[in-house]
Q: 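One structure follows; several queries about it will come next.
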Amino acid sequence: MKIEDGIIAVISQALTDLYAVGASEMPEIKLEKTKPIFEGDFTFVVFPVVRSSKKSPEETANDIGNYVLQHTTKVSSFNVIKGFLNLVVNSAEWIQSTTAFDTFVGKNLAAKNQKVMVEYSSPNTNKPLHLGHIRNNLLGYSLAQLLIKAGYDVVMANLINDRGIHICKSMLAWQRFGQGETPQSSGMKGDHLVGKYYVVFENKIREQTSPEIEKALQGQWSSADANIQKRYEDTLNKLQAAKEDKQISKLQDDIKELVRNQAELMQACQAMLRDWEAGNEEVLSLWNTMNSWVYEGFESTYSRLGVKFDQYYYESNTYKLGKDIVQEGLQKGVFFQKEDGSVWIDLSSDGLDEKLVQRGDGTSVYITQDMGTADLKANQFGLNKSIYVVGNEQDYHFKVLFLIMQKMGRSYAEGMYHASYGMVDLPSGKMKSREGTVVDADDLLEEMYQTAKSKTEELGKTEGMDDAELHNLYHRLSLAALKFFILKVDPKKRMLFNPQESIDFQGDTGPFVMYTYTRIRSILRQAESWTRPMEAAPSDMVLSSGEVQVIKLLNEYEVTIENAAREYNPAAICQYALDLAKAYNRLYNEVSILKETNEVIKKFRLELAESTATCIKSTLSILGIEVVERM
RNA sequence: GACCUCGUAGCUCAGCUGGAUAGAGCAACUGCCUUCUAAGCAGUAGGUCACAGGUUCGAAUCCUGUCGGGGUCGCCA
C-alpha cells in the first residue's frame, strides 16, 4: 500500500472519531504534496471539514494532526499553518518503500486487457514529411508507448492517403516535365522527388493562370461553360458589392479557384483522377511507381525518427468503404436523403448542423470512408479504444464522426478519442508550403545530428569511443533533444519552433535527462560488484533531503503513468522525467557514493542510483528516447 | 457572422478535477571542476497570471463579458 493511502485511512478514521463524521457524509480525502517552501511531505487541507468539526481551521488541523501522530507510525511530526496540516513522513517509511523499486517498472501497472489502436502519421503521398508531421509522429508513437506501459494492448496504425487529386498533380507534372527522372537517376530521396513535381505542378499552373486570374478579377474573363460562366458572374457581383476585407479576399479566392480549375493542366489532372478511378492501367502503373518511391522515402524518415507501425491502411483500399453504413443509417433513420440523392445527418440537436455523409452521385466523402475504416479497424482487432492522432483543425470532423458512430449504435464508439494537437508555428507564423516556409523533416533531423555532433565535440568527452559509438551517440542525442523539445509541451496547445535558434542541449531538455542516466551508469560501472534484490536498509538510517526527494519521485512513477495515460498526455511524462533528473543531480552534488565508507549506506545509495537509472530509462523510452551509457 | 480554442517572467513552457508566498529552463549577473562525467550544482534578478466583473472561507484555475492571437464553419482530405 502506498504511504499516502495509509495516512488517508487514518485521517478518515480521525474524522469519524473526533467529529462523528459518518460514512455517508465522509468527504473524499485528498492529500496534496507539500510545497517545498513548507516543512512536510503531504498536506491535508482542512477547510472542507471545518463544518463538521465546528472549530477553527487551526484547531481542526491540530486535532487531526495529533490524532494521526498517535494512530500511525507512518507520520513522525506535523505542523499547521492556517488551514493546512503538513505531515512529515517517518523516514523509515521512505527507506522501506525503496525495496519495492527493484521491480517497480510496471509492477503495479497490471494488464488492462483492452485493445487500443493508435492511428497516427497518416501522411499524403505527394510531399515529404515536415515539422508538423514530426509532432504528429512523435506524439502518436509516444502515446502508444505510454498506453503499452500502462497495460494496454496497443496497435499502432498508419492510414496513408495515397489517392486523390494531390497525387495526380505530382504524377501529371512528372509525366509532362520529369523526363523520366527517378530516385536512382537523380540521387534524390523518393518522397522528395515526388514532392518536387508537386511543386512543379503548382508553379506551372500559376504560370498558366496568373494572367487569366488578373483578367478575371477585373471582370474580363469568360468561360465557354455556361454553368461556370454563371458562377463566375455571380461571384463577381458579390465581390463588387462586398465591403469587408475578409469577405473580399474570400471572394477573390473563389474566383482564383474557379479560373484555376478551368486551366488545361488542372483539367488534365482531373481527367487523370477519373482514369485512376476507372482503373486505367497506364495511370495505375505510374501511380504505383511513384507511390513506391514515396514509401521508400517515408520508411527512411520513420526509421531515422524511430517510429513504427503494426498496421498500414491505404485510402486507395478504404475510400469506398462506408457506403454500407450509409445504407444502414438510412434504414435506421439516422441519416436522411435529399432530393438530389445526397445523404445527410442532422446533428442540430447536438449543437452541430447538418452534415453530408454521401454525395449526390453516390460517391464517398471523407467522413464516409472514416465511418467505414472505423468499422474495419474495430472488427479486425476487437478494439476497446480507437485513438486518432490528428491536428486540431479537424476537431469538428471527429466530433461529427464519433457522434455518427454512437448514433449508429457501434459499441466501440464510446472508446473513440481524437488526440487533437496544436500546430507548430514558426516565428513568422504558420508554416506555408506555398511560401516555402516549411521545415522539412529530413533536413531537420540532419541538422539536429550535426548540432549534437558539434556540441559533443566542444565538450571533448568522447575519448576511446569508436566511430560506431560516436554515430550512435550523435543519433540518440539529437533525437533526445528534438523529441523532448516537442513532447514537453502540452499536445493540445500550439507550439513555437524557431529554426534560427537550435534546440538546447542544456537545462530542461532530453540531453539533460539522458546525462543524468549516464552519470549514474558511470558510478555503477566503477562500483565494486553488488547484488540485487534490494535489502531493506536499517530503518534508523539517516536519509539526506536529496535522497528523500528522489525516493518520493520514484514512488510517484506508476501514478504518473496512469494519469498521463488517462489524459493521453506524454508531456506529463516529460515533466516527471525532468523532476526526477533534477532531484538526482541535486543528490549527486550532495553526497558521494563511491567515497562512502559505511558499506550499508553505500549499498543503499547504489541501489537507489540504479533504481533511478532504470526509472529514467523507462520514462525516456515512453518518449521514444533511447539512452546511451556514456556521453 | 456563428462555433471552438489559446493569452502566465524579455523568450520557450509548467501549474488549471479551486487551496498556502504562481514554478522551471533559456537569455543576464555571482559563485563551485587536484572530489563518482561542469550536457552539472548553488545563488541573484525578473510577474497587475490579457482586461473587467461574478461565484467562494479561498480564483492563474470555475462562470459572464471585453480585447488580442489561432482554428473551423467545402458534395476537399
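Quick note on labels: first sequence line is chain A, next is B, and so on, each numbered from 1.
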Q: May I ask you to establish whether A/R135 and A/Y421 are in a cation-pi arrangement, using a distance under 6.0 Å from NZ or CZ to the six-membered ring centre and at most 45° from the ring axis?
A: no
Q: Give a yes or no on whether A/K338 atom NZ has more than 12 heavy-atom contacts from other residues, nucleotides or ligands under 6.0 Å away.
A: yes
Q: Say you pick atom C1' in B/U5 and the same atom in B/G46; how far apart are they, in whole Å?
A: 30 Å
Q: With rounding to whole Å, what would you report as the distance between B/U8 and B/G70 at their P atoms?
A: 15 Å
Q: Rounded off to whole Å, could you give me the CG-to-C1' distance for the A/N124 and B/C76 pair?
A: 11 Å
Q: Quick check against the 3.5 Å criterion: does A/R359 have a side-chain atom that pairs as donor or acceptor with the backbone of A/S364?
A: yes
Q: How would nucleotides 11-18 of chain B be written as a contact map, 5' to 3', with B for base contact, S for sugar-phosphate-only contact and - for no contact, using protein heavy atoms under 4.0 Å?
A: -SSS-B--
Q: Once you apply a heavy-atom cut-off of 4.0 Å, does A/G360 come out as touching a base, just sugar-phosphate, or nothing?
A: base
Q: Using atom CG of A/D504 as one end and atom C1' of B/A27 as the other, report the distance to the nearest whole Å.
A: 10 Å
Q: What's the closest nucleotide to the side chain of A/F38 if the choices are B/G19, B/U72, B/A20?
A: B/A20
Q: For the pair made of CG in A/D253 and C1' in B/G74, what is the distance, rounded to whole Å?
A: 14 Å
Q: Which part of the nucleic acid, if any, lies within contact of A/E315, taking any heavy atom under 4.0 Å across all strands shown: a base, the sugar-phosphate backbone alone, or nothing?
A: sugar-phosphate
Q: Just how far, in rounded Å, is P of B/C76 from CG of A/L356?
A: 8 Å
Q: Taking the nucleotide of RNA chain B with the closest heavy atom to each, which residue, A/N392 or A/I165, is nearer the 5' end?
A: A/N392
Q: Need the glycosidic conformation of B/C33: syn if within 90° of 0, anti if not. Which one?
A: syn
Q: Does a nitrogen or oxygen in the side chain of A/K82 sit under 4.0 Å from OP1 or OP2 of B/A20?
A: no
Q: Taking the same atom, P, in B/A28 and in B/U64, what whole-Å distance lies between them?
A: 44 Å
Q: Do side-chain atoms of A/T509 reach the backbone of A/F512 as a donor and acceptor pair under 3.5 angstrom?
A: yes
Q: Within the structure shown, what part of the strands sits under 4.0 Å from A/N161 by heavy-atom distance: base, sugar-phosphate, or nothing?
A: sugar-phosphate
Q: Rounded to the Å, how far apart are A/Q394 CD and B/G74 P?
A: 14 Å
Q: Assign a letter to each nucleotide of nucleotides 33-43 of chain B from its 5' end: B, base within under 4.0 Å of a protein heavy atom; S, sugar-phosphate only; -, no contact.
A: --SBBSBBSS-
Q: Output the pairing pattern of RNA chain B as a dot-bracket string, 5' first, Watson-Crick or G-U wobble with both distances under 3.5 Å, | for cross-strand pairs, [ ] for crossing pairs.
A: (((((((..((((.....[...)))).(((((.......))))).....(((((..]....))))))))))))....
Q: Does the side chain of A/P491 reach to within under 4.5 Å of the side chain of A/Y568, using non-hydrogen atoms?
A: no
Q: Roughly how far apart, to the nearest Å, are B/A38 and B/U44 at atom P?
A: 23 Å
Q: Could you check whether A/R566 pairs with A/E562 (Lys NZ or Arg NE/NH1/NH2 to Asp/Glu carboxylate O, under 4.0 Å)?
A: no
Q: Applying side chain to side chain contact (heavy atoms under 4.5 Å, CB included) to A/T60 and A/Y19, what does each step give before you reach the verdict?
A: CA-CA 10 Å; A/T60 311; A/Y19 310 126; 3.5 Å; yes
Q: For atom P, what is the distance between B/A24 and B/G47, given to the nearest Å?
A: 15 Å
Q: More than 12 non-hydrogen atoms from neighbouring residues, nucleotides or ligands closer than 6.0 Å to NZ on A/K323, yes or no?
A: yes
Q: Checking A/K453 against A/E457 for the salt bridge (Lys or Arg N to Asp or Glu O under 4.0 Å) test, could you report, in this order, the C-alpha distance in whole Å, the side-chain angles of both residues, the deciding distance, and whether it holds?
A: CA-CA 6 Å; A/K453 185 168 184 246; A/E457 283 166 353; 3.8 Å; yes
Q: Would you mind reading off the distance between A/D353 atom CG and B/C73 atom P, rounded to a whole angstrom?
A: 10 Å
Q: Examine distances only and state if a side-chain atom of A/T34 and a backbone atom of A/F42 form a donor-acceptor pair shorter than 3.5 Å.
A: yes
Q: Please report the distance separating the P of B/U12 from the corresponding atom of B/A27, rounded so that it comes out in whole Å.
A: 15 Å
Q: Closest approach to the side chain of A/K430, judged atom by atom: which nucleotide of B/A77, B/G71, B/A20 is it?
A: B/G71
Q: Is the shortest distance from a Lys or Arg side-chain nitrogen in A/D41 or A/K552 to a carboxylate oxygen in the other one below 4.0 Å?
A: yes
Q: Considering only side-chain heavy atoms of A/V45, which listed nucleotide, B/U21, B/G71, B/G19, is closest?
A: B/G19
Q: Just how far, in rounded Å, is C1' of B/A77 from NE2 of A/H133?
A: 12 Å
Q: Return the orientation label for the A/Y312 and A/Y314 ring planes: parallel under 30°, perpendicular over 60°, tilted otherwise.
A: parallel
Q: Checking salt bridge (Lys or Arg N to Asp or Glu O under 4.0 Å) for the pair A/E463/A/R630: CA distance, chi angles, key distance, verdict?
A: CA-CA 10 Å; A/E463 217 176 297; A/R630 288 181 57 199; over 6 Å; no
Q: For A/G351 and for A/R359, locate the closest nucleotide of RNA chain B by heavy-atom distance; then report the residue assigned to the nucleotide nearer the 5' terminus.
A: A/G351
Q: Within the structure shown, what part of the strands sits under 4.0 Å from A/P36 by heavy-atom distance: base, sugar-phosphate, or nothing?
A: nothing
Q: Distance check, P atoms only: B/A59 and B/G69, in whole angstrom units.
A: 30 Å
Q: When the distance from CG of A/D350 to P of B/A2 is rounded to whole Å, what number comes out?
A: 22 Å
Q: Hey, mind stepping through A/V513 and A/I625 against side chain to side chain contact (heavy atoms under 4.5 Å, CB included) and telling me if it holds?
A: CA-CA 10 Å; A/V513 180; A/I625 295 172; over 6 Å; no
Q: Regarding A/N563, tell me which of base, sugar-phosphate or nothing describes its non-hydrogen contacts under 4.0 Å with the strands shown.
A: nothing
Q: Work out how far the P atom of B/C6 is from that of B/A42, and round it to whole angstrom.
A: 34 Å
